[in-house]
Novice: 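Just dropping this structure here.
Model, not experiment: these values are computed from the prediction. Protein chains get the first letters and strands the later ones, always in sequence-line order, with residue 1 at the start of each.
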There are 2 protein chains.
Amino acid sequence: MLKRLSKDIKKLNTKKKTTIKDIANVLNISAAAVSKALHDDSRISKKTKKAVKQVAKNLNYQPNHLASALRKGKSNLVGVIVPRTNSNFFSSVIQNIEEVLNKEGYNIIITQSNESFKKECDSIDTLLFTQVDGIIASMANETIDLEYYEKVKAKGIPLILFDRGENDLNVDYIGINDYDSSHIIVKHLVNQGCKRIAHIGGYKRTRIFNNRIRGYIDALKKHNLPLDKELLIESSLTIEDGRNKMAQLLKLQNRPDAVYIASDYAALGALQLLNEQNIKVPEEIALVGFGDEPFTAMVTPSLSSINQHSAEIGKQAALTFLSYTKKKSIKQTLNKIILDAELVVRESSNSIQ
Amino acid sequence: MLKRLSKDIKKLNTKKKTTIKDIANVLNISAAAVSKALHDDSRISKKTKKAVKQVAKNLNYQPNHLASALRKGKSNLVGVIVPRTNSNFFSSVIQNIEEVLNKEGYNIIITQSNESFKKECDSIDTLLFTQVDGIIASMANETIDLEYYEKVKAKGIPLILFDRGENDLNVDYIGINDYDSSHIIVKHLVNQGCKRIAHIGGYKRTRIFNNRIRGYIDALKKHNLPLDKELLIESSLTIEDGRNKMAQLLKLQNRPDAVYIASDYAALGALQLLNEQNIKVPEEIALVGFGDEPFTAMVTPSLSSINQHSAEIGKQAALTFLSYTKKKSIKQTLNKIILDAELVVRESSNSIQ
DNA sequence: TGTATATGGTTAAACGATTAAGCAAAACTA
DNA sequence: TAGTTTTGCTTAATCGTTTAACCATATACA
């Protein structure tokens, strides 16, 4: 009796969130009925449903997501791990993932690894701790050890990789055809009359960059151009490093007449150096970047680049995750979606204007 | 009996996650004791604690975050809303928020409003639905109606705003001194000998941009410069619009000799146009941007800009949130943290080199 | 020796929503 | 009219963790 009283007092003091129980009390029905009514269960009469929804609105009822998640064993949360968010590619991918998943009642948790392996492992732990229903990730440059991702797989949580991540994990992957992209670029440059085409590529250990390098090498061969090792450089692909590696190329006795750079950011650094040194682009040296970041259209001269279809990658990644939620058994299979990339030709590689 | 059997079979089939109950069973103690042991409760002996932790490790126990969140009434999740993530400022703020909060056991959910009011409202709903313990936000350009934020306040969920968001909501705010920043910039330009200083500003309705505009006007007055309405332009501050508004300024009979632009992105657009038209920066027109994005140091000529202390803003925002978690009663008070901004002088406004 | 105080737990009730199982009343069927 | 089906709910268990309240035993103290 006393207990009940203190409880009632408590109810008066604290603006408690309304629960289905509160609704049930008002209508003198069971909480179960309320739950069912809110979910349009066929076993509840239209009249009751209407009443329940009305009261829910009046009391400003907000379902307790934690409770239903606990009961149902799923959180409706999807974790997204990206190397960084401040590139247009990743933020666009994220935006599209969010758009698709929100419609299906999922929310996303974004974490950035900042290209750090350790931070990436922490992110995975964090996401698992938060009981996400799935993880969509693009790996950090540093990541070679896949143990943490195996952990996710072992838990039976759907894992989808995009862009960075094609590897031996045997999980779904969405990305563009990096090997072909290199072919398209080299062919374009050859058509422009270039004969000494350099490549400032990413780290070979990262599969996508390795594919671009392989594509570059094979494309040279295809066009009967010799492979000059001085013209093939590994880079971290930041703006600064693009600048540095371009400086390295300029020091060569026999300079390249074109440079294909595996990232727009590095290409921007390279372009700035060329501009400063009054080296004419594309006349003296043609330039092609990768990623089609918005600024490529805005710099002078504008940068040719590869459109990675970030929106489509995001959508496909989300849809791939959703396909698992509809299956009964979660058996991860290697399911690669490889999109064709598209070369956007701009001033930096277009001499026939 | 049959029921119990089927349950046991189920246990064999599905790799069920281990719970505190499983640990309790192994050690023949109660689940409550396990819970307490894991939380280093003083009423549990060292011996038991040690045993519990050992078994937990062996069984690869991962606490069910949803269950504890439900029970404790808090999710240990903090929502972060930003206009977009693909600017260095916001991604740096986010990174620092995350760093501080992770240490205290909080995770963050990032959502981007894409400068859309509607998307921002959706984000708020989403975050409330996910039962976040707090929201740290920077408002979209569009946002004038504060009803949704009032909703957050009404629910008693700590709300902290940064950068965009100084307004009448009466909640904590962390930002830089925009008014003073304008003064610093104008003073610097005057010192460089500039006499006709233009300002491409943001939308007046957004308080921070309005403060920059007010600062600009007052600073002109202070230095006995006339205010020419033609030289004060409102802009969306994108790269494209920076270009357009600069074109507008170039059309004037009496061109400015300096332009102070309220965003580095717009400043970049302006700079590109000037470069294309071979207008010398800073000799003919000096340029100062805002935000100190990394690319300002990389463009030619490098752009002078205002350092907004993104890292510090992120840290302070996180710490402000944490201060609420330690208080008993959540009484939101207007608590502004205004950081002094810092002008980084680069080539675009430095004629005395 | 009897009482007080630690010590080291246990029990059981929550948190809020979901859901399998049950059950009464109404409606239909033959 | 008896039996079956449908309708529309209720009951009670459950998700995994936390925590207030309780209890037994050991130790301390006078």
Side-chain angles (χ1 to χ4, degrees), chain A residues 2-4 6-7 10-11 14 16-52 56 59-76 105 128-131 133, chain B residues 2-4 6-7 10-11 14 16-52 56 59-76 105 128-131 133:
Chain A
L2 227 142
K3 211 171 176 181
R4 166 126 189 84
S6 82
K7 213 173 176 180
K10 205 173 172 186
K11 237 179 203 165
T14 60
K16 267 283 189 191
K17 286 165 198 159
T18 57
T19 70
I20 50 170
K21 252 185 184 166
D22 298 326
I23 301 177
N25 284 340
V26 169
L27 294 170
N28 243 14
I29 56 176
S30 73
V34 173
S35 172
K36 284 177 185 164
L38 290 172
H39 289 89
D40 272 323
D41 190 293
S42 63
R43 308 305 301 272
I44 301 292
S45 70
K46 279 177 199 161
K47 208 174 99 186
T48 307
K49 278 181 191 169
K50 204 172 165 187
V52 166
L59 297 183
N60 191 26
Y61 169 74
Q62 302 274 143
N64 186 324
H65 171 253
L66 295 172
S68 77
L70 172 61
R71 178 60 230 256
K72 294 201 288 195
K74 53 179 288 194
S75 64
N76 275 42
L128 292 179
F129 174 73
T130 317
Q131 314 276 116
D133 292 341
Chain B
L2 226 141
K3 211 170 174 182
R4 166 129 187 80
S6 84
K7 211 172 176 181
K10 205 173 173 186
K11 237 180 202 163
T14 59
K16 267 285 189 191
K17 285 166 199 158
T18 57
T19 71
I20 52 170
K21 255 187 183 164
D22 298 325
I23 302 177
N25 285 340
V26 170
L27 294 171
N28 243 14
I29 57 176
S30 72
V34 173
S35 172
K36 284 178 185 162
L38 291 172
H39 288 89
D40 273 325
D41 190 293
S42 63
R43 308 303 302 272
I44 303 294
S45 70
K46 279 177 199 161
K47 209 174 99 186
T48 307
K49 280 181 191 169
K50 204 173 165 186
V52 166
L59 297 183
N60 191 26
Y61 168 74
Q62 302 272 141
N64 185 324
H65 172 252
L66 295 173
S68 79
L70 172 60
R71 178 61 229 254
K72 294 201 289 193
K74 53 179 287 190
S75 64
N76 274 43
L128 292 179
F129 174 74
T130 317
Q131 315 276 119
D133 292 341

Novice: Residues two or more places apart in sequence or in another chain: which of them pass side-chain hydrogen bond (donor to acceptor under 3.5 Å, both in side chains) with Thr19(B)?
Specialist: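 side-chain hydrogen bond (donor to acceptor under 3.5 Å, both in side chains) check on Thr19(B) returns nothing, list empty.
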Novice: Would you give the length of the straight line joining atom OG1 of Thr18(B) to atom CG of Asn25(B), rounded to the nearest 0.5 angstrom?
Specialist: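 So the OG1 of Thr18(B) and the CG of Asn25(B) are separated by 11.5 Å.
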Novice: Closest heavy-atom contact between Ile44(B) and Lys49(B)?
Specialist: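 Looks like O-CE, 3.4 Å.
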Novice: Could you report the tightest heavy-atom contact between Asp133(A) and Ser75(A), atom names first, then the distance?
Specialist: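 Asp133(A) and Ser75(A) have their closest heavy atoms at OD1-N, 3.0 Å.
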Novice: Atom NE2 of His39(B) to atom C1' of dT19(D): distance rounded to whole Å?
Specialist: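 Taking NE2 of His39(B) and C1' of dT19(D), I get 11 Å after rounding.
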Novice: Looking at Ile20(A) and Leu38(A), what are the two nearest heavy atoms and their distance?
Specialist: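 Taking every non-hydrogen atom into account, CG2-CD1, 4.1 Å.
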Novice: Taking OP1 and OP2 of dC9(D), is either one under 4.0 Å from a side-chain nitrogen or oxygen of Ser45(A)?
Specialist: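 For dC9(D), OP1 or OP2 has a side-chain N or O of Ser45(A) closer than 4.0 Å.
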Novice: Atom CZ of Arg43(B) to atom P of dT11(C): distance rounded to whole Å?
Specialist: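 Between P of dT11(C) and CZ of Arg43(B): 16 Å.
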Novice: Enter the inter-axis angle for the ends of the helix from dT1(C)-dA30(D) to dA30(C)-dT1(D) (five pairs per end, rounded to 10°).
Specialist: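 Taking the rotation axis at each end, their angle is 50°.
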Novice: If you only use heavy atoms from C-beta on, which nucleotide in dA21(C), dA17(C), dA20(D) is closest to the side chain of Ile20(A)?
Specialist: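 Minimum distance to the Ile20(A) side chain belongs to dA17(C).
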Novice: Rounded to whole angstroms, how far apart are CG on Asp22(B) and C1' on dT17(D)?
Specialist: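 Between C1' of dT17(D) and CG of Asp22(B): 13 Å.
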Novice: For Thr48(B), enumerate each residue passing the side-chain hydrogen bond (donor to acceptor under 3.5 Å, both in side chains) test, keeping only those at least two apart in sequence or located in another chain.
Specialist: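 Applying side-chain hydrogen bond (donor to acceptor under 3.5 Å, both in side chains) to Thr48(B) gives Ser45(B).
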Novice: To the nearest Å, give me how far apart CG (Leu38(B)) and P (dG16(D)) are.
Specialist: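 One finds 16 Å between P of dG16(D) and CG of Leu38(B), rounded.
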Novice: Tell me the interatomic distance from Lys17(A), atom NZ, to dA17(C), atom P, rounded to whole angstroms.
Specialist: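 To the nearest whole Å, that distance equals 11 Å.
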Novice: Give Thr48(A) one of three labels, base, sugar-phosphate or nothing, depending on what nucleic acid heavy atoms sit under 4.0 Å from its own.
Specialist: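 Sugar-phosphate contact only.
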Novice: Among residues 64-73 of chain A, which residues get a heavy atom nearer than 4.0 Å to DNA chain D?
Specialist: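 Here the set is Leu70(A), Arg71(A).
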Novice: Rounded to the Å, how far apart are Lys47(B) NZ and dG8(C) P?
Specialist: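 From Lys47(B) NZ to dG8(C) P: 10 Å.
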Novice: Which atoms form the tightest heavy-atom contact between Gln131(A) and His65(B), and what is the distance?
Specialist: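 Shortest heavy-atom separation between Gln131(A) and His65(B) comes out as OE1-N, 3.8 Å.
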Novice: Tell me, which of residues 26-35 of chain A have any heavy atom that sits under 4.0 Å from an atom in DNA chain C?
Specialist: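 Heavy-atom contacts with DNA chain C come from Ala32(A), Ser35(A).
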Novice: Figure out the CZ/P separation between Phe129(A) and dG16(D), and round it to whole Å.
Specialist: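 Roughly 16 Å, once rounded to whole Å.
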Novice: Quick one: Lys46(A) NZ to dG8(D) C1', roughly how many Å, whole number?
Specialist: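 In whole Å, dG8(D) C1' and Lys46(A) NZ are 14 Å from each other.
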Novice: Indicate every side-chain donor-acceptor pair of residues 27-35 of chain A with a distance under 3.5 Å to a residue at least two apart or in another chain.
Specialist:
| from | atom 1 | to | atom 2 | distance (Å) |
| --- | --- | --- | --- | --- |
| Ser30(A) | OG | Ala33(A) | N | 3.1 |

Novice: Looking at Gly105(B) and Asn76(B), what are the two nearest heavy atoms and their distance?
Specialist: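 Distance-wise, the nearest heavy atoms are O-ND2, 3.0 Å.
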Novice: Hey, could you give me the CZ/CG distance between Arg71(A) and Leu66(A), rounded to the nearest 0.5 Å?
Specialist: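 One gets 15.5 Å once the value is rounded to the nearest 0.5 Å.
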